[in-house]
Amino acid sequence: MSQLSILFTSFIILLNSFRPVAGGCFTSIFSFGDSFTDTGNLKASGTSNPIINFPYGETYFHHPTGRCSDGRLIVDFIGMHIYISEAACLPLLPPYLLGPDEHRDFRKGVNFAVVGATALEISFFVDKGISLPVTNYSLGSQLEWFKLLLPSLCSSDSECKNVLGNALFLMGEIGGNDYFNVLGDGRSLEETKTFVPLVVNAITRTLLVPGIVPFGCIPANLVSFRSSNSEDYDQETGCIKWLNEFAVYHNLLLIKELDRLRKMHPHANIIYADCYQAAMPIFQSPEKYGFQNSPLLACCGGGGLYNYNSSCLCGELGSTVCIEPSRYVSWDGLHFTEAAYKIIAAGLLQGKYTNPPFTKTCALFETIENLEFSRNTY
Ligand SMILES: *[C@@H]1O[C@H](CO)[C@@H](O)[C@H](O)[C@H]1NC(C)=O
Ligand SMILES: *[C@@H]1O[C@H](CO)[C@@H](O)[C@H](O)[C@H]1NC(C)=O
């Protein structure tokens, strides 16, 4: 942990000394997180998981890339926005585990996120007898990777100022796996809540920090935590109230901690991205956004009320995929479709759900719809 605190301290120092220049726009992204952000690290690690199978990736890439969606993720849309503002046609954010090559210049940014990653160290779960089914790469491992990579990104002060000074550090979404590993182990909500301060502590201290999404509207959770008590459900959306309240609880603590960090480091640029509020309108009025099916129904899955079946996951034999993913909010019962991610990302980029607003930190703004982009993929 002490090595990590040193690294965190150096983050803050870097942020303090190198404010974004050139109209406040970012020129590269370094991102950390879990399946909401992984652009191919779990796949590159060689771990077997249904997300490496078709139909993952069918919409945009036309093949599985290791992203947990039919197409692009929020990080891809943010990357497109940032890179376009540099007037350069750069490839999408490369996963760290593939290593740099002539197509992957890590100085333009790199993605450390891994599907299944936890904010807390693996030992925390091992000590409690809780197993981590998907990956052992925690946020700590991802920060270690960044530390290892740093010397190859820049050597002199002025070079580092260029590479890191205008970089956006995207920290999350992360924390969901921490909670669901614990809840999935049959532990109580009360016990799980005691971990929230630890998780929040592990996440904070960097630039763009997304909050977690409405847990209670995720098909897999609607199946796992289904209830015969109609009072457990929100009348308007059909989402599970206590899970959404739990997500809000996490986000409130995160906002509070970010406020504290801003006061401690007034020159650091810390942005909170409210993914919960950015996603909620989709569940309240799906038709307004072109989602003709229930937003609680997964496009790809193994059947059941929400088309999520843990014994027959999307990408596994026997699962089926919808014809038009763009009409669905949930891709595989756990993650969103590209269409939903695009709406959430647009809300964040327009500044409505970011604090301080994105538009204030970057003078140049292009709407996502206008972006054409290189489809170099990993
Ligand atoms: C994580 O590490 C443990 C202990 O070394 C190992 O038994 C387990 O298989 C690993 N899990 C994954 C998903 O790699
Ligand atoms: C879930 O998948 C299993 C295995 O394919 C199958 O036996 C079961 O009937 C499915 N459940 C639902 C609700 O579709």
Side-chain angles (χ1 to χ4, degrees), residues 34-36 38 42-43 46-59 63-71 115-116 130-135 176-177 179-189 192 213-244 246-247 279 282-283 286 291-341:
D34 59 21
S35 56
F36 285 86
D38 187 353
L42 187 79
K43 185 173 189 245
T47 309
S48 118
N49 191 292
I51 65 132
I52 66 171
N53 302 335
F54 204 78
Y56 281 89
E58 64 167 19
T59 294
H63 66 93
T65 62
R67 286 172 176 77
C68 286
S69 184
D70 58 313
V115 177
I130 295 170
S131 67
L132 300 171
V134 179
T135 187
N177 294 310
Y179 303 134
F180 287 110
N181 284 321
V182 176
L183 285 172
D185 195 59
R187 311 295 175 103
S188 69
L189 179 63
T192 309
V213 297
F215 279 163
C217 306
I218 305 291
N221 293 337
L222 286 158
V223 172
S224 300
F225 302 103
R226 73 174 164 275
S227 160
S228 52
N229 183 355
S230 67
E231 301 215 327
D232 283 342
Y233 293 89
D234 179 48
Q235 296 294 313
E236 186 188 8
T237 57
C239 304
I240 296 175
K241 280 196 285 191
W242 68 269
L243 273 172
N244 276 356
F246 182 69
I282 301 177
F283 293 102
F291 298 112
Q292 281 128 340
N293 297 286
S294 161
L296 306 182
L297 185 68
C299 159
C300 182
L305 194 53
Y306 302 97
N307 194 27
Y308 176 85
N309 181 345
S310 60
S311 334
C312 180
L313 297 170
C314 174
E316 287 182 338
L317 204 66
S319 66
T320 58
V321 62
C322 68
I323 293 166
E324 283 187 84
S326 65
R327 297 190 173 188
Y328 286 77
V329 174
S330 179
W331 163 243
D332 57 4
L334 281 161
H335 309 97
F336 294 96
T337 56
E338 172 177 296
Y341 277 139

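Indexing begins at 1, ligand by ligand and atom by atom, following the structure's order. Bear in mind that the values here come from a model prediction, so they are computed numbers and not experimental data.
Y233 places a side-chain N or O within 3.5 Å of a backbone atom of S227 that can act as its donor or acceptor partner.
A disulfide is not assigned to C322 and C300, since their SG atoms are no nearer than 2.5 Å.
Among Y328, W331, Y341, F291, the single residue meeting the ring pair (Phe, Tyr, Trp, His ring centres under 6.0 Å) criterion with F336 is Y341.
A donor-acceptor contact closer than 3.5 angstrom is absent between the side chains of R67 and S69.
Nearest residue to atom 11 (N) of ligand 2 from N307, N309, V223 is N309 (criterion: closest heavy atom). The closest non-hydrogen atom to atom 14 (O) of ligand 2, taken over S311, G302, S310, G318, comes from G302.
Within ligand 2, counting atoms from 1 as listed, the ones closer than 4.0 Å to a heavy atom of C312 are 2 (O), 5 (O). Taking every heavy atom of G304 and a limit of under 4.0 angstrom, the matching atoms of ligand 2 come to 13 (C), 14 (O).
Ring-centre distance between H335 and F36: below the 6.0 Å cut-off.
Distance remark: protein heavy atom not present below 4.0 angstrom from atom 9 (O) of ligand 2.
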